[in-house]
Trainee: 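Pasting a structure here, questions to come.
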There are 2 protein chains.
Amino acid sequence: MKTEQVFKALADPNRMKILNNLCSRDCACNVGEVAGCCTVDLSVVSRHLAILKNAGIVSADKRGKEVFYHVNRKEVAALLRQTAANIEKSCCS
Amino acid sequence: MKTEQVFKALADPNRMKILNNLCSRDCACNVGEVAGCCTVDLSVVSRHLAILKNAGIVSADKRGKEVFYHVNRKEVAALLRQTAANIEKSCCS
DNA sequence: TTATTATTTGCATTATTGTGCAAATATACA
DNA sequence: TGTATATTTGCACAATAATGCAAATAATAA
């Protein structure tokens with residue numbers, strides 16, 4: 001989980017919407033459900049999810065023909081807090 | 001200080017280098033000093049600093065012909081921690 | 001098998017962003 | 001005044017990234 005990749009992944013409005021949507025749910029949801037939060041094509045949402053997944057922000061579970069995504073809450077929160085700590089002391093890598 | 005704008009500002013390798021450079025110093029430094037951390041043109045560094053400033057990540061103080069930049073450590077750290085908390089509970093706006 | 005549904009991927013296009021150079025601006029000093 | 005230094009800005013171009021559509025893949029059911 002690389003800091004810069006995480007920030008890049010979070011630097012797009014649709015991906016933020018997607019993340020918010022996923023965050024607001026208790027259980028994982030499939031691509032179609034996620035796509036409800038933004039107006040772009042479903043294929044675009046699929047790509048955004050892939051970017052979030054590559055950044056380690058979300059994880060995917062395939063069940064049957066559906067893929068369920070959920071947020072890696074602890075890991076993302078930990079990385080943000082670590083970055084916050086680094087900025088407060090001296091170096092923020 | 002908008003979350004998405006902050007993430008956008010942090011989503012570039014040179015801006016991360018610049019931020020790291022600024023973070024590693026106790027006192028503010030001018031554009032020329034900041035520019036030492038990356039190989040791009042000084043004018044590019046100036047633009048990157050403007051982006052970081054617009055995002056609220058750094059502040060600028062003009063003294064004479066120089067402009068001294070410093071990181072808004074507390075504010076940035078607070079925003080990152082707030083985002084971390086939002087992600088951990090439910091909604092991450 | 002075929003059909004249906006969910007998701008991903010190839011491709012072309014558009015939009016955005018980063019970059020370097022030169023010129024402009026701002027400040028200080030001789 | 002003119003000159004030197006620090007920074008920003010205009011502009012063109014290159015590099016990245018987002019998007020939509022159609023086709024491909026994967027899994028399930030008739």
Side-chain angles (χ1 to χ4, degrees), chain A residues 1-22 25 27-72 92-93, chain B residues 1-22 25 27-72:
Chain A
M1 212 176 181
K2 293 173 186 171
T3 311
E4 195 181 306
Q5 200 182 359
V6 169
F7 286 136
K8 266 197 170 170
L10 297 178
D12 176 83
N14 282 324
R15 284 196 294 271
M16 277 298 264
K17 283 182 197 162
I18 289 168
L19 183 60
N20 274 303
N21 191 3
L22 277 174
R25 297 162 189 264
C27 52
C29 54
N30 65 28
V31 181
E33 287 169 332
V34 176
C37 68
C38 43
T39 59
V40 294
D41 195 80
L42 185 73
S43 68
V44 173
V45 173
S46 174
R47 269 187 248 261
H48 281 317
L49 284 167
I51 290 169
L52 291 168
K53 187 175 156 228
N54 279 331
I57 297 171
V58 304
S59 292
D61 289 294
K62 183 158 193 171
R63 288 183 234 147
K65 44 188 172 184
E66 294 168 85
V67 180
F68 290 87
Y69 286 88
H70 69 274
V71 182
N72 299 327
C92 39
S93 62
Chain B
M1 213 176 179
K2 293 173 187 172
T3 312
E4 194 181 309
Q5 201 183 359
V6 169
F7 286 137
K8 266 197 168 170
L10 298 177
D12 175 82
N14 282 323
R15 285 196 293 273
M16 278 297 266
K17 283 183 197 163
I18 289 169
L19 183 61
N20 273 304
N21 191 4
L22 278 173
R25 296 162 189 263
C27 51
C29 53
N30 64 28
V31 181
E33 286 170 331
V34 176
C37 70
C38 43
T39 59
V40 293
D41 195 80
L42 185 73
S43 68
V44 173
V45 173
S46 174
R47 270 185 248 261
H48 281 316
L49 283 166
I51 290 169
L52 291 168
K53 186 175 157 228
N54 279 330
I57 297 171
V58 305
S59 292
D61 289 294
K62 183 157 192 172
R63 289 181 233 149
K65 46 187 170 183
E66 292 167 87
V67 180
F68 290 87
Y69 286 89
H70 69 273
V71 182
N72 299 327

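Everything quoted here is computed from the prediction, not taken from an experiment. Scope of the values below: all heavy atoms of this structure, side chains included, with no hydrogens, waters or symmetry mates.
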Trainee: Between A/E33 (side chain) and A/N30 (backbone), is there a donor-acceptor pair under 3.5 Å?
Mentor: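 A pair under 3.5 Å: yes.
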Trainee: For every nucleotide of nucleotides 11-23 of chain C, 5' to 3': is a protein heavy atom under 4.0 Å from its base (B), only from its sugar-phosphate (S), or from neither (-)?
Mentor: B-----SSBBB--
Trainee: Whole angstrom is fine here: how far is it from CZ in A/F68 over to C1' in C/dT7?
Mentor: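 That distance rounds to 12 Å.
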Trainee: Just how far is it from atom CD of B/E4 to atom CG of A/L10, taken to the nearest 0.5 Å?
Mentor: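 The CD atom of B/E4 sits 9.5 Å away from the CG atom of A/L10.
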Trainee: How many whole angstroms separate atom CZ of A/R63 from atom P of D/dT28?
Mentor: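 Roughly 13 Å, once rounded to whole Å.
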Trainee: What's the CG-C1' distance between A/D61 and D/dA26, to the nearest Å?
Mentor: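 My rounded result for the distance is 16 Å.
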Trainee: Below the 4.0 Å mark, does D/dT8 have OP1 or OP2 next to a side-chain nitrogen or oxygen of B/Y69?
Mentor: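 True: B/Y69 side-chain N/O within range (under 4.0 Å) of D/dT8 OP1/OP2.
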Trainee: To the nearest 0.5 Å, what is the distance between CG (B/L22) and SG (B/C37)?
Mentor: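 B/L22 CG to B/C37 SG: 7.5 Å, rounded to 0.5 Å.
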Trainee: Of all the choices, D/dT28, C/dT9, D/dT7, which nucleotide is nearest to the side chain of B/V31 once you look at every atom?
Mentor: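 Nearest listed nucleotide: D/dT7.
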Trainee: Can you tell me how far C1' of C/dT8 sits from CD of A/E66, to the nearest Å?
Mentor: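 From A/E66 CD to C/dT8 C1': 15 Å.
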Trainee: In this structure, how many angstroms lie between the C1' atom of D/dT19 and the CG atom of A/L49, rounded?
Mentor: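 Atom CG in A/L49 sits about 15 Å away from atom C1' in D/dT19.
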Trainee: Sequence neighbours left out, cut at 3.5 Å: what donor-acceptor pairs do the side chains of residues 44-61 of chain B make with other protein atoms?
Mentor:
{"unit_1": "B/H48", "atom_1": "ND1", "unit_2": "B/R15", "atom_2": "NH1", "d": "3.1"}
{"unit_1": "B/N54", "atom_1": "ND2", "unit_2": "B/A50", "atom_2": "O", "d": "3.4"}
{"unit_1": "B/S59", "atom_1": "OG", "unit_2": "B/N72", "atom_2": "OD1", "d": "2.8"}
{"unit_1": "B/S59", "atom_1": "OG", "unit_2": "B/N72", "atom_2": "ND2", "d": "3.1"}

Trainee: A/N20 side chain to A/M16 main-chain N or O, any donor-acceptor pair under 3.5 Å?
Mentor: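 Present.
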Trainee: Please figure out whether A/K62 or B/G32 has its closest DNA chain D nucleotide nearer the 5' end.
Mentor: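 Its nearest nucleotide lies further toward 5', so the answer is B/G32.
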Trainee: Does any N or O in the side chain of A/E66 come within less than 3.5 Å of the main-chain N or O of A/R63, such that one atom is a donor and the other an acceptor?
Mentor: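 No, because the side chain of A/E66 does not come within donor-acceptor range (under 3.5 Å) of the backbone of A/R63.
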Trainee: Below 4.5 Å, heavy atoms only, C-beta onward: do A/V6 and A/M1 meet side chain to side chain?
Mentor: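 Side-chain contact under 4.5 Å: yes.
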Trainee: Once you round it to whole Å, what is the distance between P of D/dT9 and CG of B/N54?
Mentor: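 Rounded to whole Å, this separation is 10 Å.
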Trainee: Just how far, in rounded Å, is C1' of C/dA6 from CG of A/N30?
Mentor: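 Computing the A/N30:CG to C/dA6:C1' distance gives 8 Å.
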Trainee: Taking only the side-chain heavy atoms of A/S46 (C-beta and beyond), determine which of C/dT4, C/dT8, C/dA28 contains the nearest atom.
Mentor: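 Of C/dT4, C/dT8, C/dA28, C/dT8 is nearest to the side chain of A/S46.
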Trainee: Distance check needed: D/dA18 C1' versus A/L10 CG, whole Å only.
Mentor: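 The distance from CG of A/L10 to C1' of D/dA18 comes to 16 Å, rounded to the nearest Å.
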